[in-house]
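Written out below as structure tokens is the structure these notes cover.
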Amino acid sequence: MPELRLTNTLTGNKEVFEPRDPDRITLYVCGPTVYNLAHIGNARPVVVFDMLYRVLQLLFPSVVYARNITDIDDKIIASARERGETIDAITSEFTLKFREDVAQLNTLAPSLEPRATENIEAMQQLILRLIERNHAYTADGHVLFDVTSMEGYGALSGRNLDDMLAGARVEVADYKRNPGDFVLWKPSLADDPGWESPWGWGRPGWHLECSAMIRAHLGDAIDIHGGGRDLIFPHHENERAQSCCGYGGDFVRYWVHNAYVDMDGEKMSKSLGNVRTVRELLEVYPGEVLRFALLSTHYRSPLNFSGALLDQARNTLDAFYQALRQVETVEPVALADTETEAFAALLDDLNTPKAIAALHAASKELNKANADSLALCKGRLLANGRVLGLLERFPSDWFTQGAGDGPNAETIEALLEERLAARAARDFARADAIRNELQAAGIVLEDSADGTSWRRT
RNA sequence: GGCUCGGUGGCAGAGUGGUCAUGCAGCGGAUUGCAAAUCCGUCUACGCCGGUUCGAUUCCGACCCGAGCCUCCA
């Protein structure tokens, strides 16, 4: 069995992945808060952990991948008020749109998509446990986690309580015993959304849902917990505190975090207002281009987003599909996913750039292949692509469908016929005129021994 | 201020204690009626200063620069 290596935020090291139970791998990733459209930065962890999910599936017989939907949150409440809609309408709409958007990125659906509002009871039970074990206390209508009650609080983010005190920039609510204490349950006003609880009408704190849902759906402890780097503190640190103190044990064996998508050297975020939504990008680029672009940088490095990045991704995919288009009628040799160079690269901490380099090598080989090796070379390129969730479309569709609003296929074919006749009569002036006309409409012609093909640009 | 993570050739982007990343762009060729695509060849690199070493882009230390977290955020 080949070894998978992952960088574990908790230790800071690249480690060999050793599952708790090889027959049931558990992966949990923080999902969206559904109050607006996903942007390309939100899409990064979705694609990165889809990649991890695929690799785990190739290595183990059963992988449970849970990605939560946060459907109760102050942002959602505010958004509902602003738009004059119910919370339910907002969260339903954006849950659906989120699923549609990420499906376009060739991501597999997770095994489970637990919703926060369907797990309130599990959250309340966790709070009760934490109070029982003296890790939490009630104050001023809130239930708070006492960070000093946990030995090793701060280990995930590399902080200690003194550091946090020294760097505190926030005014501390006076009902907190320690400045770092965080809310498990907070009171809601009578007309605010909320649930009955032993502590009155209220709603869960920010970090509670993931702890409770992991316990409810995956068990006391899981193999891998993923998310964006910015979740390390406080979200994952607090999640870890809740679960470790509530249930004991390891909770998570490997913490994996992706870096963000930058916009002009700055983080892309809702608060900075420099976001590009997946939905708007999909109007211009196929989802596969977005996926390729997101995989072109290693997941732990920042990815600088730009139009040039996407254009280059598209050009590269064009080249791969071009190679496949030449051999569309060749039956490829079947090659197992686990025998590909791309898979080998992914085993090393999801080295997607290296896997993509394997794609280039396979593509070049296919272009140079002779009649005897065509089927094998085609099989190799397809298998490497498949491992990455790429190159799964028919090449001719890739080039001819597109979002272009130029001439339709019939018109183009008719002009090709005319040009063919002109060339046969050595009337190159007419032939070139047709080519130029089509080029102006965004159609590129390519002559070869087998005839002329076309593609949209 | 505290903590964390980075600085690789024109650009994007891997990796390594000692002959290769890879791609795009550029340049030169092959091919082509002209193109496109493709193929062949080719140039440019490891922030700065010390240290360890036979040898450092790779290890160690200082410094400079950048980003992130410490407040909702992938």
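Residue numbers start from 1 in every chain, and the chains themselves are labelled A, B, ... in the order their sequence lines are given, proteins ahead of strands.
- To the nearest angstrom, P of B:rC73 lies 12 Å from CZ of A:Phe233.
- A:Arg44 contributes no side-chain N or O that forms a donor-acceptor pair with the base of B:rA74 under 3.5 Å.
- Side-chain proximity of A:Leu303 to the nucleotides B:rG13, B:rA74, B:rC69 is greatest for B:rG13.
- Ranking B:rA14, B:rG33, B:rC73 by closeness to the A:Lys267 side chain, first place goes to B:rC73.
- Taking each heavy atom of A:Ser211 and A:Gln242 in turn, the nearest pair found is OG-OE1, 2.9 Å.
- Comparing the C1' positions of B:rU31 and B:rA36 gives an interatomic distance of 12 Å, to the nearest angstrom.
- With both pairing distances under 3.5 Å, B:rU53 is matched to nothing as a Watson-Crick or G-U wobble pair.
- Residues A:Leu112 and A:Tyr28 form no side-chain contact, since every pair of their non-hydrogen atoms from C-beta on lies 4.5 Å or further apart.
- A donor N or O paired with an acceptor N or O is not found under 3.5 Å between the base of B:rC73 and the side-chain atoms of A:Asn36.
- Place A:Arg229 and A:Arg419 on RNA chain B by their nearest nucleotides, and A:Arg229 ends up nearer the 5' end.
- Annotation: B:rG51 and B:rA56 have their C1' atoms spaced 12 Å apart (nearest Å).
- Taking every heavy atom of both residues into account, A:Gly389 and A:Arg54 meet most closely at CA-NH1, 3.5 Å.
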**OP:** Take A:His257 and A:Tyr299, measure what ring-ring contact (aromatic ring centres under 6.0 Å, His included) needs, and give me the verdict at the end.
**Re:** CA-CA 8 Å; A:His257 293 100; A:Tyr299 75 90; 9.6 Å; no

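- Closest approach to the A:Met268 side chain among B:rU38, B:rA74, B:rG33 is made by B:rA74 (side chain taken as heavy atoms from C-beta onward).
- Between the side chains of A:Glu82 and A:Tyr35, no donor N or O sits under 3.5 Å from an acceptor N or O.
- Within 4.0 Å of A:Lys75, counting heavy atoms only, lies at least one base atom of the nucleic acid.
- On the P atoms, B:rU19 is 30 Å away from B:rC5, given to the nearest whole Å.
- If you measure from atom CG of A:Asn238 to atom P of B:rC73, you get 11 Å, rounded to the nearest angstrom.
- Contact record, A:Pro114 with A:Ala66: CD-CB, 4.5 Å, taken as the closest heavy-atom pair.
- Comparing atom distances between the A:Ala357 side chain and each of B:rA37, B:rU22, B:rG33 picks out B:rU22 as nearest.
- At a threshold of 4.0 angstrom between heavy atoms, the contacts of A:Arg430 with the nucleic acid are absent.
- Side-chain atoms of A:Arg300 and base atoms of B:rC5 include no donor and acceptor less than 3.5 Å apart.
- Dashed line: the shortest gap from a side-chain N or O of A:Thr297 to OP1 or OP2 of B:rG13 is under 4.0 Å.
- In the displayed structure, A:Phe394 atom CZ is contacted under 6.0 Å by at most 12 heavy atoms of other residues, nucleotides or ligands.
- What separates CZ of A:Phe292 from P of B:rG23 is a distance of 11 Å, to the nearest Å.
- At a threshold of 4.0 angstrom between heavy atoms, the contacts of A:Gly41 include nucleobase atoms, whether or not backbone atoms are also involved.
- Nucleotide B:rC20 forms a pair with no other nucleotide shown, judged by Watson-Crick or G-U wobble geometry with both contacts under 3.5 Å.
- Rounded to whole Å, atom P of B:rC70 lies 10 Å from atom NE2 of A:His207.
- Comparing the C1' positions of B:rC11 and B:rG1 gives a spacing of 37 Å, expressed to the nearest Å.
- Residue contacts for A:Val46: at a heavy-atom cut-off of 4.0 Å it reaches no nucleic acid atom on any strand shown.
- Counting only heavy atoms from C-beta on, A:Arg159 has its side chain closest to B:rC69 among B:rC39, B:rG23, B:rC69.
- Residue A:Leu445 is in base contact, counting any heavy-atom pair closer than 4.0 Å across all strands shown.
- At a cut-off of 3.5 angstrom, the base of B:rG33 holds at least one donor-acceptor pair with the side chain of A:Asp432.
- Phosphate contact (OP1/OP2 of B:rC73, side-chain N/O of A:Asn42, threshold under 4.0 Å): absent.
- In this structure, the nucleotide among B:rC40, B:rC34, B:rA74 sitting nearest to the side chain of A:Asp447 is B:rC34.
- For the pair A:Phe17/A:Leu56, a side-chain contact is recorded, criterion being any heavy-atom separation below 4.5 Å from C-beta on.
- Nearest-nucleotide positions on RNA chain B for A:Phe428 and A:Thr316 put A:Thr316 closer to the 5' end.
- Side-chain to base pairing of A:Arg435 with B:rC34: one donor and one acceptor N or O lie within less than 3.5 Å of each other.
- Nucleotide B:rA36 forms no Watson-Crick or G-U wobble pair with any nucleotide shown, as no partner meets the under 3.5 Å limit on both distances.
- Ranking B:rG33, B:rA74, B:rA36 by closeness to the A:Arg426 side chain, first place goes to B:rG33.
- A:Ser296 comes within 4.0 angstrom of the backbone, heavy atoms only, and of no base.
- Nucleotides B:rU22 and B:rC40 place their P atoms 12 Å apart, quoted to the nearest Å.
- In this structure, A:Asn304 atom CG and B:rG7 atom P are separated by 14 Å, rounded to whole Å.
- Here B:rC48 sits opposite no nucleotide as a Watson-Crick or G-U wobble pair (both hydrogen-bonding atom distances under 3.5 Å).
- Only the C1' atoms considered, B:rG29 is 15 Å distant from B:rC43, to the nearest whole Å.
- Taking atom P in both B:rU58 and B:rC48, the straight-line distance is 10 Å, to the nearest Å.
- Phosphate contact (OP1/OP2 of B:rC40, side-chain N/O of A:Lys364, threshold under 4.0 Å): present.
- Using a 4.0 Å heavy-atom criterion, one finds that A:His235 contacts no nucleic acid atom at all.
- Two residues are said to be in side-chain contact when any heavy atoms from C-beta on lie closer than 4.5 Å; A:His236 and A:Leu10 fail this criterion.
- Taking the side chain of A:Ala319 as heavy atoms from C-beta on, and the options B:rC34, B:rU38, B:rA74, the nearest nucleotide is B:rU38.
- The A:Gln312 side chain lies nearest to B:rG23 when the options are B:rG23, B:rC39, B:rA14.
- The pairing partner recorded for B:rG41 is B:rC27, the criterion being a Watson-Crick or G-U wobble arrangement whose two distances lie under 3.5 angstrom.
- Pairing partner, B:rG66: B:rC5, with both Watson-Crick or wobble hydrogen-bond distances short of 3.5 Å.
- Taking atom P on both nucleotides, B:rG15 is separated from B:rG47 by 15 Å, rounded to a whole Å.
- The CZ-P distance, from A:Arg276 to B:rC73, rounds to 24 Å in whole Å.
- Closest to the side chain of A:Asn258, from the set B:rA36, B:rA74, B:rA21, is B:rA74.
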